[in-house]
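Order of the sequence lines fixes the chain letters, A, B, ..., with proteins taken first and strands second; residue numbering starts at 1 for each chain.
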Protein chains: 2
Amino acid sequence: MTARMSLKKLSTHLGLAEGTVSRALNNYPDISAKTRKRVQEEAIRLGYSANPLARRLATGIAEAVAYIMPESHSSISEPFVSQLLTGLGDSLSQRGWDLLVTQSVPAEDEPEMIRKLVTSGRVSGVVISRPHKNDARIKLLQSAKFPFIVHGRSLQSEDYAWYDVDSEKAFGDAVDHLVALGHSRIGFVGAPTYYTFAQARLDGYRNTLVANGLPSDDNLIQICELSDDGGERGAGHLLDADNPPTAILCTTDVQAFGALAAIRARGGVPGKHVSVIGYDGLRIGRHTNPPLTTLAQPQAHSGRQLGDMLLAIIDGGDPKNFQELRSAELLRRQSDGPVWTERVQQAAQPHLPQC
Amino acid sequence: MTARMSLKKLSTHLGLAEGTVSRALNNYPDISAKTRKRVQEEAIRLGYSANPLARRLATGIAEAVAYIMPESHSSISEPFVSQLLTGLGDSLSQRGWDLLVTQSVPAEDEPEMIRKLVTSGRVSGVVISRPHKNDARIKLLQSAKFPFIVHGRSLQSEDYAWYDVDSEKAFGDAVDHLVALGHSRIGFVGAPTYYTFAQARLDGYRNTLVANGLPSDDNLIQICELSDDGGERGAGHLLDADNPPTAILCTTDVQAFGALAAIRARGGVPGKHVSVIGYDGLRIGRHTNPPLTTLAQPQAHSGRQLGDMLLAIIDGGDPKNFQELRSAELLRRQSDGPVWTERVQQAAQPHLPQC
DNA sequence: AGCATTTCCGAAAGCGCTTTCGGAATCAAG
DNA sequence: CTTGATTCCGAAAGCGCTTTCGGAAATGCT
């Protein structure tokens, strides 16, 4: 590999001052069209491109944003991270910016990590996932007046940018759907409610229950961790109680996988004896036993969207103008069905809705 | 946020020269223990830490490495990416280095992207995944004498660093296992063989077949894409042919999920009528129908390992000394079983091995 | 032709650090 | 009390760019 071309070499080669060449390359208006053309052509001919580190130091623009990895309690790799990063990378690469991935080290807490990140000047903005209802990171970034965007929302979400899916509404839809299928005892496998999304989904479940004239029974609610094991435990408790639910709503697909297992372990057939509905729309849900009915969020391009919005904010846009709420749709596969009774069973085999 | 502390301010505050303070902070031996202590304490008291961009420019060390995202043909998000990044991040953060995630933009090819990345000076090393048998990226990095490590191997792997799992051996083990269960017609759902891992797994399958005195029949081999749909198509072709296999080996778990679906779609019971074995050890395989028997690779800390090795190479270590071959283990769940025959069925219900 | 503009480029001062080099102060030895 | 060797720190030159500023050259005007 030949010695890297520098501005200095390029400028002496062209017989121009460094500053002139720099301005020509950056399309300053005070450079004649002729020399600008000459400079730019020679630059690409010699394969010159400015050293990003030097440029960043000189301009004070980091040309990079950081994605804060969600804390991974249970070493469950988040299935959405890869997709989100791809989208983010797409968005940033159009501008030639870098995507950093960071996580807090065990020794220090996350706000401290973010504080260091922000003050270090390594990045121009950050995106965070899975905010808590009262998220210290968000407050920190707000008070620092640092550009950021949230994948999700906290309780007070008026003053910053976010991209979220209305999971409260989604869970309402799911309850309506189950009620329409005849269910009146609907269980809920929740996640720790310091997560905003966990609270929202619980609210959607509860509120829609009452809206349908059904009681909201706390015995039908289990809060457990965001893993298949968590879901299995939670659903297990529900099923083992007196007067168990005939349907179970789970906060995430991964939990729902565990719920399916819990039902099968007790000799039941999910979708027949007990309905299960998850949330996320993971493709992998097509392969569970039975295929999982789920609330599918349109996360195909959420990363792209987050990136574009963050860039707009870094460019000076008002964060308040970048708040996007998408909605999830019920994707019926085979884990939901009409409420099961002996009568129905004798009359006819309960039909399984098709995917 | 108060104005960021700079070396200059800190040094005038201390009544020392900038250079002196810098050397004190960096533990140069020519600074007296007394002043060094004074400087370091005052630095942390005032919350000073060097601007990374300036340091990187001055030292010429990028203090960052890049992870090249595998090309995502089919928009299938790779389940292992998240875990790998976590491990990589762990390793790098100990040194305070950054982790960049990059991918090639549609407009340019991957080697070109890597060339730019390397010459830009933004990173001190790169890690790449899923190498081809004859990988242009590897050649490029080798000829540039740039520090890198490969997650996997190419055909010629003597001269660079890699971390890989012996999937040839793993597939041999799987064939032995199936033969021991009585199978003699074993199908193979492969991936494009420009991927080294795809070729290795195919080789392991073929060679072990002959080693067991069985013919290697090309009609039992289907090459298809790395997705559940690909696996379903491939397995479907196998099953629809004359004299179909009684067991199917799949290159990845995701493909195996599709194979399970193909069997079920034809009225068969995977693990009973037709055995299926995947590769990856994805946790999600516990929830398929039936739970997938798989070759589990110990990828829990592969990211960490890759990071540590790359750092050692950047520090001047000889890449040849950093080659690590791990092995995968057969994780029996319920998609494999003895070869199915009418006789066996009449004699007794085929038993399903437990997870 | 003469003056006021405008156009275009060179020079220089940073950006915030690191690192080499040399000299002043300190020390031990004669 | 010298001398030579050490110890410790200051000064300055970068790293490779950007950007402001001022002036020379070219242009417009009357």
Original post:
Could B/Glu42 and B/Arg38 be called an ion pair, given the rule that one side-chain N must be under 4.0 Å from one carboxylate O?
Top reply: no

Original post:
Is A/Glu158 salt-bridged to A/Lys320, cutoff N-O under 4.0 Å?
Top reply: no

Original post:
Angle class for the A/His132/A/Tyr195 ring planes (parallel below 30°, perpendicular above 60°, tilted otherwise)?
Top reply: perpendicular

Subject >> Salt-bridge criterion met for A/Arg95 and A/Asp308 (N-O under 4.0 Å) >> reply: no

Original post:
In degrees, rounded to 10°, what is the bend between the two ends of the helix from C/dA1-D/dT30 to C/dT26-D/dA5, using five pairs at each?
Top reply: 50°

Subject >> DNA chain D contacts among residues 31-38 of chain B, heavy-atom distance under 4.0 Å >> reply: B/Ile31, B/Ser32, B/Thr35

Original post:
Salt bridge check: are B/Lys37 and B/Glu41 linked by an N-O gap of less than 4.0 Å?
Top reply: yes

Subject >> SB check B/Arg326 B/Asp164 (cutoff 4.0 Å) >> reply: no

Original post:
Any side-chain heavy atom of B/His13 sitting closer than 4.5 Å to one from B/Lys9?
Top reply: no

Look for any protein N or O under 3.5 Å of an N or O in nucleotides 16-19 of chain D and output each such pair with its distance, or none.
unit_1	atom_1	unit_2	atom_2	d
D/dC17	OP1	A/Tyr48	OH	3.1
D/dC17	OP1	A/Asn51	N	3.1
D/dC17	OP2	A/Leu7	N	2.6
D/dC17	O5'	A/Tyr48	OH	3.4
D/dT18	OP1	A/Asn26	ND2	3.3
D/dT18	OP2	A/Ser22	OG	2.4
D/dT19	OP2	A/Tyr28	OH	2.5
D/dT19	O5'	A/Tyr28	OH	3.4

Original post:
Are A/Arg122 and A/Asp98 within salt-bridge range, i.e. N to O under 4.0 Å?
Top reply: no

Original post:
Is the closest basic N to carboxylate O distance between A/Glu110 and A/Arg137 below 4.0 Å?
Top reply: yes

Subject >> Pair B/Lys116 + B/Glu108: basic N to acidic O under 4.0 Å >> reply: yes

**OP:** Would you mind classifying the nucleic acid contact of A/Gly15 as base, sugar-phosphate or nothing, using non-hydrogen atoms under 4.0 angstrom?
**Re:** sugar-phosphate

**OP:** Grab the CG-C1' distance between B/Asp30 and C/dA25 for me, whole Å please.
**Re:** 15 Å

